[in-house]
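This report concerns only the one structure given below.
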Amino acid sequence: MPNSEEKEQIRRLRSELVRTDARVQAMTQLARSLNAVYDLDILLKQAVARVTEIMESDRSTLFLVDRDRKEIWSKVAQGENLEEIRQPMDAGLAGWVVSTGKTLNLTDAYKDDRFNPKVDRQTGYRTKSVLSVALRSKQGDIIGVLQSLNKKSGHFTDNDEMLLEAVASQVSIAIENAQLVNNIMTKNLDLTKAKENLANKVEELQVLYELEKEISAAVDEQQMLHRLLRRAVDLLECEAGSIALVSEDCEELFFASAVGEAEKEIRRIRLPPGKGVAGWVAQSGRSARVNQPSEDDRYYPDVEEKIGFPVRNILAVPMAAGGEKIGALELLNKRDGEFGLNDEMLAFLIAGQAVSAIQVSRHRQQRDRENRLSTIGQMLSGVIHDFRTPMTIISGYVQLMAIEDEERRRKEQSELVLRQFEFINEMTRELLSFARGESNLLLRKIRIDETLKDMEEILRREFEPSRVRVNVRMANPITFRADDNKLRRLILNISRNALQAMPEGGEFDIEVGDDQEGVRFAFSDTGPGISDEIRSRLFEQFFTSGKRGGTGLGLAVVKRIVDEHGGKVWVERSQKGGACFVVWLPKRSET
Ligand code: ADP
């Protein structure tokens, strides 16, 4: 039987064993969580709890160094509250450990000058014994401090120091690993985001490209808006859409284009400025997403009555340029729910394209108008001259009528006068239609021999260095109504092609003849002629062949001028084996 002393020893040994067992278990759990957890917050929390068990203390804290802010911080003050403690990197006991890298073992913190009792005052805790060790990175830099407070038995031993240092090196590795994993995950996230952004950009570019294609395929502003709108309705997967523009006098908003069930009805709608969602958007320059129209003040139910289908939701974005309020792009009834932010961004993109296309087209119209007026200005003396002939005839007949007794003769003369007025009216109509841009021709009575004389002069000078002889032949002087400027452009384009086809020199003949119906121009050269392969495509825009720096526009322009005059153009083989371009233009009514 063991005596009482031995019994006491056995009891001590047993409780020692139980304690050691608990510490070993805590160590094992710590090792396990250090290996398994990569979330830094969870890791710190678990590590601190285990350290308290291992150290048989009351609480523990793990500080991390924030070198950028020159602070140490902890989120895991053990106990009820999980507050973040921040303090200067060199303050307090932990600060001293960071600065020196040494282990600190105090039996009573309050007796040590380095201790800062502020935290105790804040938390109402009473610190007594303290054991603090440094956490180091693989490179040896101090990354934090592991601190255990109030050893249950009173003070921390040398063994505790060694144990906490061992634990600290394990914790350091785990923290570094967690930070590394975090870093990789953030980078991965960044990479995924970058990939998404790139995909979005590519998609955006694709949309822009498609829109650009629509714009360039359109023949006028009206068609261009319609094409863009149709794209918008497709891309945004909605039922209908419209483009509302502010009228020139800013007095109303009209629907320049509409796509969807009630296309015609929408286009008839006129709204006072600022009225309806589209009006509000056009006036405020801000976008609107309305998912419950009936509950929105801006919604104008009269429109719904007119278009005849229920409006579930609306997305409208402004169309504006440099402060000028142009209108709004409005989309109705998203097919699978409501319009979102992505839809709004896409609509902005489309509206932006529409605005720049409108501006280009308006600018072009303006320039065109100015060009027309300046052409009329240049031609004015000629135009007045054209009027002189019928006026002279009128004045002659009127004088005759004044002295004519016979009624039948007077009637004949008055009919002749009226016919001259018809010519005058016809010429005025043509002039006005050119000025308004309805026709591209400024028709005047021209003498072809005069035009040809000028052109021959120009061509001779251009052709001479290439040793190409120019011959112009015209049987009799011909006058007819045509656009002189355009006719000159036509002659120049055909002649220059002939010159380019004869780099070694040759002959170029222009022959003009007429009959009652029209005037025929034949341009023949002694070049290589036109092969069958390219004959059918000659007059296409951008068709060019065997030429350096050819634009393929010369003959396309010729064809347009001929078409505008209501004439014909074709190519034959010239008598001397080269090309012969024939242009036939109809004669119009003339005095
Ligand atoms: P470009 O001169 O810029 O190529 P054009 O529309 O004026 O464009 O002419 C189209 C093509 O027609 C030319 O590239 C050339 O191959 C052919 N062509 C035009 N005129 C002649 C000609 N008189 N002789 C031979 N080939 C010609």
Side-chain angles (χ1 to χ4, degrees), residues 216-217 219 364 368 371 375 440-442 446 448-449 451-475 482-514 518-586:
S216 52
V219 294
R364 198 183 296 138
D368 218 39
N371 279 347
T375 312
N440 283 325
L441 292 184
L442 182 55
I446 58 170
I448 301 182
D449 56 329
T451 305
L452 280 181
K453 209 168 129 227
D454 290 350
M455 293 310 292
E456 191 179 356
E457 183 92 21
I458 295 170
L459 294 179
R460 282 240 162 85
R461 243 179 285 137
E462 251 182 63
F463 283 37
E464 212 172 48
S466 309
R467 285 181 294 112
V468 174
R469 270 231 317 268
V470 181
N471 310 301
V472 176
R473 278 193 298 273
M474 195 165 90
D483 185 316
D484 195 37
N485 275 343
K486 295 205 166 178
L487 186 61
R488 286 167 192 253
R489 162 63 40 207
L490 175 152
I491 296 172
L492 212 56
N493 283 9
I494 294 181
S495 310
R496 284 191 178 144
N497 275 345
L499 173 69
Q500 286 157 356
M502 298 178 285
E504 309 293 324
E507 300 239 345
F508 180 58
D509 299 330
I510 304 180
E511 211 168 329
V512 187
D514 71 330
V519 186
R520 183 182 190 276
F521 299 77
F523 305 86
S524 342
D525 61 52
T526 53
I530 307 283
S531 66
D532 287 342
E533 294 92 75
I534 68 167
R535 188 180 297 263
S536 61
R537 304 196 49 205
L538 275 189
F539 297 101
E540 280 175 21
Q541 260 191 39
F542 310 117
F543 175 80
T544 176
S545 160
K547 234 186 236 192
R548 253 225 205 144
T551 60
L553 288 175
L555 290 179
V557 168
V558 166
K559 174 88 170 77
R560 206 186 59 218
I561 295 174
V562 168
D563 287 346
E564 283 167 355
H565 280 84
K568 283 184 229 146
V569 56
W570 65 94
V571 66
E572 297 174 350
R573 173 174 282 273
S574 76
Q575 276 173 356
K576 294 171 192 156
C580 174
F581 282 87
V582 183
V583 172
W584 179 87
L585 301 180

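As the structure lists them, so they are numbered: ligands from 1, and atoms in each ligand from 1. No hydrogens, no waters, no symmetry mates; every other heavy atom, side chains included, goes into these values.
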Quick check on [X]: does its [atom1] atom have over 12 non-hydrogen neighbours (other residues, nucleotides or ligands) under 6.0 Å away?
X	atom1	result
E540	CD	yes
R535	CZ	yes
K453	NZ	no
R573	CZ	no
E457	CD	no

Query raised in the report: Any idea which part of N493 is under 4.0 Å from ligand 1, heavy-atom wise: side chain, backbone, both or neither?
Result: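 It is neither; nothing of N493 touches ligand 1.
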
Quick one: nearest non-hydrogen protein atom to [atom], plus distance?
atom	answer
atom 8 (O) of ligand 1	G552 CA, 3.2 Å
atom 10 (C) of ligand 1	F543 O, 3.3 Å
atom 14 (O) of ligand 1	S545 N, 2.8 Å
atom 24 (N) of ligand 1	A501 CB, 3.4 Å
atom 7 (O) of ligand 1	N497 ND2, 2.8 Å
atom 4 (O) of ligand 1	T544 OG1, 2.6 Å
atom 26 (N) of ligand 1	I530 CD1, 3.4 Å
atom 5 (P) of ligand 1	L555 N, 3.6 Å

Query raised in the report: Can you find a non-hydrogen atom of F581 under 4.0 Å from ligand 1?
Result: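 Yes, that is the case, since the closest heavy atom of the residue is under 4.0 Å from the ligand.
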
Atom indices of ligand 1, in the order listed, that fall short of 4.0 Å to a heavy atom of [X]:
X	value
L538	12 (O), 17 (C)
G550	3 (O), 4 (O)
T551	3 (O)
G529	25 (C)
A498	23 (N)

Query raised in the report: Is it true that D563 and K559 have a side-chain N and a carboxylate O under 4.0 angstrom from each other?
Result: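 Salt bridge present between D563 and K559.
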
Requested in this report: May I ask you to say whether E456 pairs ionically with R460, meaning some side-chain N is under 4.0 Å from a carboxylate O?
Outcome: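 A salt bridge is present here (some side-chain N lies under 4.0 Å from a carboxylate O).
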
Query raised in the report: Is it the case that R489 and N485 place a side-chain donor and acceptor less than 3.5 Å from each other?
Result: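 Not at all, the side chains of R489 and N485 share no donor-acceptor pair under 3.5 Å.
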
Requested in this report: Using the side chain to side chain contact (heavy atoms under 4.5 Å, CB included) rule, take H565 and I561 through it: C-alpha gap first, then chi angles, then the decisive distance, then the call.
Outcome: CA-CA 6 Å; H565 280 84; I561 295 174; 3.9 Å; yes

Report task. Please confirm whether K547 comes within less than 3.5 Å of ligand 1 when only nitrogen or oxygen atoms on both sides are compared. Result ->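 Among all N and O atoms of K547, at least one is under 3.5 Å from an N or O of ligand 1.
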
Query - I491, N497, V582 screened by side-chain contact (heavy atoms from CB on, under 4.5 Å) with F523, the one that passes - result: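 The residue from I491, N497, V582 that satisfies side-chain contact (heavy atoms from CB on, under 4.5 Å) with F523 turns out to be I491.
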
